Peer 1: 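Would you mind keeping the following structure in view while I ask a few things?
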Amino acid sequence: MAGDINMDFADLLKPILGVLVIVIIYVIIFMALRIMYKDVKSGDKKKALKKAYGLEVVSAVEGSNLKRGSIIPINRVITLGRREDNLVVLNDPYASGYHAKIYPKNTEYFVEDLNSTNGTLLNDEFVEGKVPLEIGDEIRIGVTRFRVIG
């Protein structure tokens, strides 16, 4: 008799455990799908910039490749300096080889001096570290001046 009770309990336990394993698998799948849905739904918002910024050339050295009124879009890291491998080459005697960089990060734009000899000015103040940019800000490298537009 005691053997029959153990056998009945074992027979009853197998389907209950099987159903429990299936329920656990479905819960895991549901949670994974929910996480993926949230990532897809909010993924573009994290990477999208509020507004596209650009640099307008206000003044440049005589004979420079930069012309007054030219616009340089800021959609990636822009390096500025006298060296030819910069994205914006400055023929300015007061500019260093690698003078500064301007770049977007998350939803903001920044300017950063690259340890230049004469410094980078933002609204007539020296840039130390990375400094956030706003529309209307003026960046000066030597005698070359840019205005942030958006």
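Bear in mind that the values here come from a model prediction, so they are computed numbers and not experimental data.
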Peer 1: To the closest 0.5 Å, what do you measure between CG (L66) and CG (N91)?
Peer 2: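 Going from CG on L66 over to CG on N91, the span is 7.5 Å.
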Peer 1: What's the separation between atom CG in L20 and atom CD1 in I24, rounded to the nearest 0.5 Å?
Peer 2: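 With rounding to 0.5 Å, CG (L20) is 4.5 Å from CD1 (I24).
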Peer 1: What heavy-atom pair brings S64 and K67 nearest, and what distance separates the two atoms?
Peer 2: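 Here S64 and K67 meet closest at O-NZ, 3.1 Å.
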Peer 1: Counting only pairs under 3.5 Å, give me each side-chain donor-acceptor contact of residues 125-132, with atom names and distances, residues two or more places apart or in other chains.
Peer 2:
none

Peer 1: For a 4.5 angstrom cut-off between non-hydrogen side-chain atoms, does I141 reach D92?
Peer 2: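 I141 vs D92: side chains apart.
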Peer 1: Return the CG to OG distance between L90 and S96, rounded to the nearest 0.5 Å.
Peer 2: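 Here the rounded value is 10.0 Å.
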Peer 1: Start with the C-alpha gap between V148 and L55, add the side-chain angles, then the distance that decides, and say whether side-chain contact (heavy atoms from CB on, under 4.5 Å) holds.
Peer 2: CA-CA 5 Å; V148 178; L55 292 178; 4.2 Å; yes
Peer 1: Roughly how far, to the nearest 0.5 Å, is the OH atom of Y109 from the CG atom of N75?
Peer 2: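 Interatomic distance, N75 CG to Y109 OH, rounded to 0.5 Å: 8.0 Å.
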Peer 1: Should we say atom NZ of K14 is surrounded by more than 12 heavy atoms from elsewhere, each under 6.0 Å from it?
Peer 2: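 No, the 6.0 Å shell around NZ holds no more than 12 heavy atoms from other groups.
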Peer 1: Taking side-chain contact (heavy atoms from CB on, under 4.5 Å) as the criterion, tell me which of V23, V21, I22 meets it with I25.
Peer 2: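 Per the side-chain contact (heavy atoms from CB on, under 4.5 Å) rule, the option paired with I25 is V21, out of V23, V21, I22.
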Peer 1: With sequence neighbours left out, write down each residue that passes side-chain hydrogen bond (donor to acceptor under 3.5 Å, both in side chains) with N65, or none if nothing qualifies.
Peer 2: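 Per chain and number, N65 pairs via side-chain hydrogen bond (donor to acceptor under 3.5 Å, both in side chains) with no residue.
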Peer 1: According to a 4.5 Å side-chain heavy-atom criterion applied to Ile, Leu, Val, Met, Phe, Trp and Tyr, with indirect links allowed, do I149 and F110 form part of one hydrophobic cluster?
Peer 2: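 In one cluster: no.
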Peer 1: Do I71 and L87 land in one hydrophobic cluster if side-chain heavy atoms of ILVMFWY residues count as linked below 4.5 Å?
Peer 2: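 Each belongs to a different hydrophobic cluster.
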Peer 1: Between the main-chain N or O of A60 and the side-chain N or O of R68, is there a donor-acceptor pair closer than 3.5 Å?
Peer 2: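 The answer is no, because no donor-acceptor pair under 3.5 Å joins these two groups.
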Peer 1: Sorted by first residue and then second, give each side chain to side chain donor-acceptor pair (under 3.5 Å) pair with at least one member in residues 113-122; sequence neighbours left out.
Peer 2: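 Listed once each, the pairs are H99-S116, H99-T120, D113-S116, D113-T120.
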Peer 1: Got a sec, which residues hit ring-ring contact (aromatic ring centres under 6.0 Å, His included) with Y94, two or more places apart in sequence or on another chain?
Peer 2: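 With sequence neighbours excluded, Y94 shows a ring-ring contact (aromatic ring centres under 6.0 Å, His included) to no residue whatsoever.
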Peer 1: Hey, could you give me each pair passing salt bridge (Lys or Arg N to Asp or Glu O under 4.0 Å) that has a residue in residues 70-80? Not counting sequence neighbours.
Peer 2: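 Qualifying pairs, neighbours excluded: none.
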Peer 1: With the 4.5 Å side-chain cut-off for hydrophobic clustering, are I78 and Y53 part of the same group?
Peer 2: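 Yes, because I78 and Y53 connect within a single hydrophobic cluster, where side-chain heavy atoms sit under 4.5 Å apart.
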Peer 1: I'd like to know if I102 and I135 are part of one continuous hydrophobic network [Ile/Leu/Val/Met/Phe/Trp/Tyr, side-chain heavy atoms within less than 4.5 Å].
Peer 2: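 In one cluster: yes.
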Peer 1: Should V57 and F146 be marked as a side-chain contact (heavy atoms from CB on, under 4.5 Å) after you check the CA-CA gap, both sets of side-chain angles, and the distance that decides it?
Peer 2: CA-CA 5 Å; V57 178; F146 301 94; 3.9 Å; yes
Peer 1: Are Y37 and V27 connected into the same hydrophobic cluster when the rule is that any two of I, L, V, M, F, W, Y join if their side-chain heavy atoms are below 4.5 Å apart?
Peer 2: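 No, it is not one cluster - the side chains of V27 and Y37 are not joined through contacts under 4.5 Å.
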Peer 1: Which pairs count as salt bridge (Lys or Arg N to Asp or Glu O under 4.0 Å) when at least one residue sits in residues 138-150, sequence neighbours excluded?
Peer 2: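 Listed by first then second residue: E56-R147, D124-R140, E138-R145.
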Peer 1: Are any non-hydrogen side-chain atoms of Y98 and N86 less than 4.5 angstrom apart?
Peer 2: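 Yes, at least one pair of side-chain atoms sits under 4.5 Å.
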Peer 1: Let me confirm one number: the CG-CG distance from L122 to D137, rounded to the nearest 0.5 Å.
Peer 2: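 That separation rounds to 4.5 Å.
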Peer 1: Shortest non-hydrogen contact from V89 to R82?
Peer 2: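 In terms of heavy atoms, the two residues are closest at CG1-O, 3.7 Å.
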Peer 1: Taking the side chain as everything from C-beta on, heavy atoms only, tell me whether P104 gets closer than 4.5 Å to I74.
Peer 2: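 When only atoms from C-beta onward are counted, I74 and P104 do touch, with a gap below 4.5 Å.
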